[in-house]
2 protein chains.
Amino acid sequence: MSKQITSEMVAKKAGVSRATVSLILNGHLNRVGDETRKRVLKVMDELEYRPNLLARTMKTKRSQIIGIIVEGIAEGWFTKIFFGAEEELRKKGYQLLLSSLLFQKSSDKNLCDAVELLLSRQVDGIILITSSIDREITPLKSIISSEIPLILVNFYPTKEVQVPKIYLDYVEAGKISIQHFHSLGKRKIAYIGTDNLANLSSNMRKEVLRGYKKGLKEFGLPYIPEFIKIKEVNIDSSPRERLKFSKGRLSCEMGKKAMEEILTLSERPDAVYCMHDHIAYGAIAAIQAEGLKIPEEVAVIGNNNLEPSEFIVPGLTSIDMQLDRCGYLAARSMLKLLEGEEVEMEVLGPVSLVVRSSTVI
Amino acid sequence: MSKQITSEMVAKKAGVSRATVSLILNGHLNRVGDETRKRVLKVMDELEYRPNLLARTMKTKRSQIIGIIVEGIAEGWFTKIFFGAEEELRKKGYQLLLSSLLFQKSSDKNLCDAVELLLSRQVDGIILITSSIDREITPLKSIISSEIPLILVNFYPTKEVQVPKIYLDYVEAGKISIQHFHSLGKRKIAYIGTDNLANLSSNMRKEVLRGYKKGLKEFGLPYIPEFIKIKEVNIDSSPRERLKFSKGRLSCEMGKKAMEEILTLSERPDAVYCMHDHIAYGAIAAIQAEGLKIPEEVAVIGNNNLEPSEFIVPGLTSIDMQLDRCGYLAARSMLKLLEGEEVEMEVLGPVSLVVRSSTVI
DNA sequence: TTGTAAGCGTTATCAT
DNA sequence: ATGATAACGCTTACAA
């Protein structure tokens with residue numbers, strides 16, 4: 001920490017009291033004489049006075065800092081949430097304090113620690129971005145009992161505990177996908193998912209699958225169990241294997257295998273919906289290897305609109321969850337809570353279809 | 001901010017003084033009786049006492065918070081820096097306070113404000129990640145004069161001001177690329193760059209080009225002006241155009257055009273080094289459209305090892321700057337400075353070649 | 001071993 | 001319109 005120039009030094013040099021300096025600092029225009037203000041401001045400038053925001057917080061009980069915790073999904077594609085949230089909060093003079101940026105699902109205790117640390121730092125609110133729900137409750141309780149605003153961003157419509165949340169609506173994602181397939185005349189739609197995709201929680205898996213089924217139902221399409229492939233991604237393979245494959249590659253390989261299996265069926269699907277874009281890349285490879293045309297014979301849709309989807313051939317039609325927008329929405333809700341306004345308990349994150357040549361010629 | 005349980009409340013309930021509570025809190029084992037400690041700890045637990053770290057900072061002058069500013073390059077691929085830095089700092093009990101997460105190059109004033117804000121918050125140090133160098137000096141001065149540790153992460157070997165930095169060595173990237181081409185028997189190596197690639201600063205451009213030239217020289221390869229294409233990416237195209245193309249797509253298109261032009265030359269290159277992976281994707285498309293074989297007739301290398309490079313066909317050989325590692329290195333240097341240790345003024349970020357089928361069959 | 005008291009840099013209340 | 005003074009919650013000499 002730097003050598004402090006305090007308001008007292010400013011006051012002394014300007015020949016006023018600290019109180020006056022404070023008044024000027026906080027813009028109480030009518031409370032202080034024009035002439036003295038100018039003099040004090042000049043001194044502030046000369047001394048390069050920089051108010052100690054910590055001391056202010058001690059007094060005012062407002063830190064203007066929002067804690068943010070990301071756990072379970074801290075991948076490149078996921079950090080977009082930051083951008084939206086930070087931009088909006090910054091406009092209102094808030095900053096983000098990062099606690100536990102974890103790729104892996106952390107233990108219950110770790111999450112609690114992260115929360116406690118933020119609370120100890122007197123943050124004005126907490127945004128918790130998590131892929132899990134099972135363990136969510138305990139750490140949440142300490143936030144709730146501390147009575148500071150909390151916004152949840154996750155995949156799952158948390159019922160167990162009443163917290164405002166931005167809901168990443170993967171059910172909707174599934175429905176939109178089926179709708180798109182349906183509009184293209186596709187009727188036999190397969191699904192490839194995973195039980196344990198390094199970066200994606202089991203909750204997301206459940207949601208996407210739920211959306212798929214819901215979509216089928218809504219459009220009167222047959223539910224064919226053989227068309228649903230949920231494969232396990234074995235992350236704990238040999239070290240050499242792990243070196244060879246990035247997580248993305250691993251899921252891709254898995255998607256390929258799954259698709260190959262599906263294509264051995266006597267009745268083949270004319271479309272396939274993949275839980276994650278990486279899986280879809282593999283599925284596309286398998287379809288092409290079989291000599292089938294994309295999208296004419298088999299159309300493909302993925303989830304999360306990862307960057308490669310734009311560049312592979314054929315381009316992958318994918319669901320974009322607009323995570324920067326979700327970050328913005330989280331920030332909006334947070335700001336409302338801080339203002340004491342009402343907020344919706346469940347804000348749906350936007351879900352949009354990005355159409356590329358894996359579904360449309 | 002939550003209703004505070006103070007050390008005074010704990011003290012009162014435990015029948016001791018605040019000082020004793022503080023001693024226990026700070027682990028001065030030998031300074032307090034075993035029995036009283038147990039009693040106090042129990043009370044802390046009952047009251048769910050959470051020390052106010054702000055008050056502690058007021059006293060100790062150590063906030064355990066590191067400010068971090070990212071400007072000019074806040075893209076998905078770039079945020080990896082966070083992960084490395086946060087993980088390492090967290091281990092030592094530090095947290096990251098985000099100031100100004102800006103995709104665009106901000107004004108000098110914005111950068112100053114971001115710095116001032118962090119200093120006002122009494123951060124223990126600042127990590128500044130920036131793509132620019134021209135305007136770098138002014139805001140830096142206020143950090144330096146404040147005497148708090150500063151670590152710079154950037155593309156350019158800053159000479160004008162003595163600040164320890166993690167240097168993203170794009171010159172080395174160029175050299176390694178040429179070396180790889182050379183080892184494959186390639187002798188006529190073209191270069192495609194840009195003057196104004198949305199997300200990448202002109203400094204990075206200069207550095208990469210410098211590396212290319214240096215590499216040519218080192219391996220005794222001819223410098224052929226016609227083989228160097230620096231195109232402008234017109235970001236301010238019509239709104240419709242902008243909607244149509246993401247920044248990635250835009251650079252990709254640019255790379256395609258540039259490669260097409262190069263292929264009209266009477267003497268064609270047998271390899272091409274691209275400033276950024278997105279450009280390389282376009283170059284690959286142009287090469288394939290011309291019916292040339294990759295890598296036999298023309299080999300391709302890109303920069304930054306973006307995610308698509310792993311999934312496109314052919315896979316793109318690319319230089320990986322290991323940004324998470326750079327974040328880690330920044331954190332290490334910062335921790336050293338905080339401990340009062342010496343640090344190297346220039347730590348080279350790792351630069352590694354990821355070989356894929358755009359250069360090797 | 002424990003308590004007392006001063007101080008960190010603000011802001012807010014009440015005087016003047 | 002300005003100033004004196006008391007918090008805010010903690011740490012840390014120093015005293016007991």
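Naming convention: chains lettered A, B, ... in sequence-line order (proteins, then strands); numbering from 1 in each chain.
- Distance from the side chain of Ser22(B) is smallest to dT12(D) among dT10(C), dT12(D), dG3(C).
- Using a 4.5 Å heavy-atom cutoff, the side chains of Ser333(B) and Ile166(B) are in contact.
- Distance from the side chain of Arg56(A) is smallest to dT11(C) among dG9(D), dA4(D), dT11(C).
- Contact annotation: Ser7(B) reaches the phosphate of dC10(D) (side-chain N/O to OP1 or OP2, under 4.0 Å).
- With rounding to whole Å, Gln122(A) atom CD is found 9 Å from dG9(D) atom C1'.
- Side-chain contact between Leu128(A) and Leu150(A): present, with at least one pair of heavy atoms (C-beta onward) separated by less than 4.5 Å.
- One atom, CG of Leu54(A), and another, C1' of dT11(D), lie 15 Å apart when rounded to the nearest Å.
- In terms of polar N and O atoms assigned as donor or acceptor, the side chain of Lys59(A) never comes within less than 3.5 Å of the base of dG9(C) in a complementary pairing.
- End-to-end axis angle of the helix from dT1(C)-dA16(D) to dT16(C)-dA1(D), using five pairs per end and rounding to 10°, comes to 40°.
- For the pair Ser17(B) and Val21(A), nearest-nucleotide mapping onto DNA chain C gives the more 5' position to Ser17(B).
- Here dG9(C) presents its P atom at 15 Å from CE of Met44(A), a figure rounded to the nearest Å.
- For Arg18(A), taking side-chain heavy atoms from C-beta onward, the closest of the listed nucleotides dT2(C), dT5(D), dC10(D) is dT5(D).
- Between the CG atom of Leu119(A) and the P atom of dG9(D) there is a distance of 15 Å, given to the nearest Å.
- Comparing dT5(D), dT11(D), dG3(D) against the side chain of Thr20(A) picks out dG3(D) as the nearest.
- At least one side-chain heavy atom of Ile68(B) sits under 4.5 Å from a side-chain heavy atom of Phe82(B).
- In this structure, CZ of Arg50(A) is placed 11 Å from P of dT10(C), rounded to the nearest angstrom.
- Using a 4.5 Å heavy-atom threshold, the side chains of Asn52(A) and Arg56(A) count as separate.
- Counting to the nearest Å, the P atom of dG9(C) and the CG atom of Leu53(A) are 14 Å from each other.
- If you check dG9(D), dG3(D), dT2(C) against the side chain of Val16(A), the one that comes closest is dG3(D).
- The side chain of Ala19(B) approaches dG3(C) more closely than any other nucleotide in the set dC8(D), dG3(C), dA12(C).
- Nucleotide dT12(D) holds its P atom 12 Å from the CZ atom of Arg62(B), rounded to whole Å.
- A donor-acceptor pair under 3.5 Å is formed between the side chain of Lys165(A) and the backbone N or O of Val163(A).
- Remark: the Glu86(B) side chain and the Gln95(B) side chain contain no N/O donor-acceptor pair separated by less than 3.5 Å.
- Proximity of Arg325(A) to Pro350(A): side-chain heavy atoms (C-beta onward) are separated by under 4.5 Å at one or more points.
- In this structure, the nucleotide among dT2(D), dT11(C), dC10(D) sitting nearest to the side chain of Asn26(A) is dT11(C).
- Note that CG of Leu168(B) is 11.5 Å distant from CD of Gln322(B), once rounded to the nearest 0.5 Å.
- Within the 4.0 Å cut-off from OP1 or OP2 of dG9(C), not a single side-chain nitrogen or oxygen of Thr6(A) is found.
- The distance from atom CD1 of Ile24(A) to atom C1' of dA1(D) is 11 Å, rounded to the nearest whole Å.
- For Lys61(B) and dG9(C), the shortest distance from a side-chain N or O to OP1 or OP2 is below 4.0 Å.
- The side chain of Arg31(B) sits closest to dG3(C) out of dT11(D), dG3(C), dG9(C).
- Taking 4.5 Å as the limit, some side-chain heavy atom of Val10(B) sits within range of a side-chain heavy atom of Val40(B).
- Residue Thr36(A) places at least one side-chain N or O closer than 4.0 Å to OP1 or OP2 of dT2(D).
- Comparing dT2(D), dG9(D), dT11(C) by their closest approach to the side chain of Met58(B) singles out dG9(D).
- Listed nucleotides dG9(D), dT2(D), dT11(D) differ in distance to Leu23(A); the shortest reach to its side chain belongs to dT2(D).
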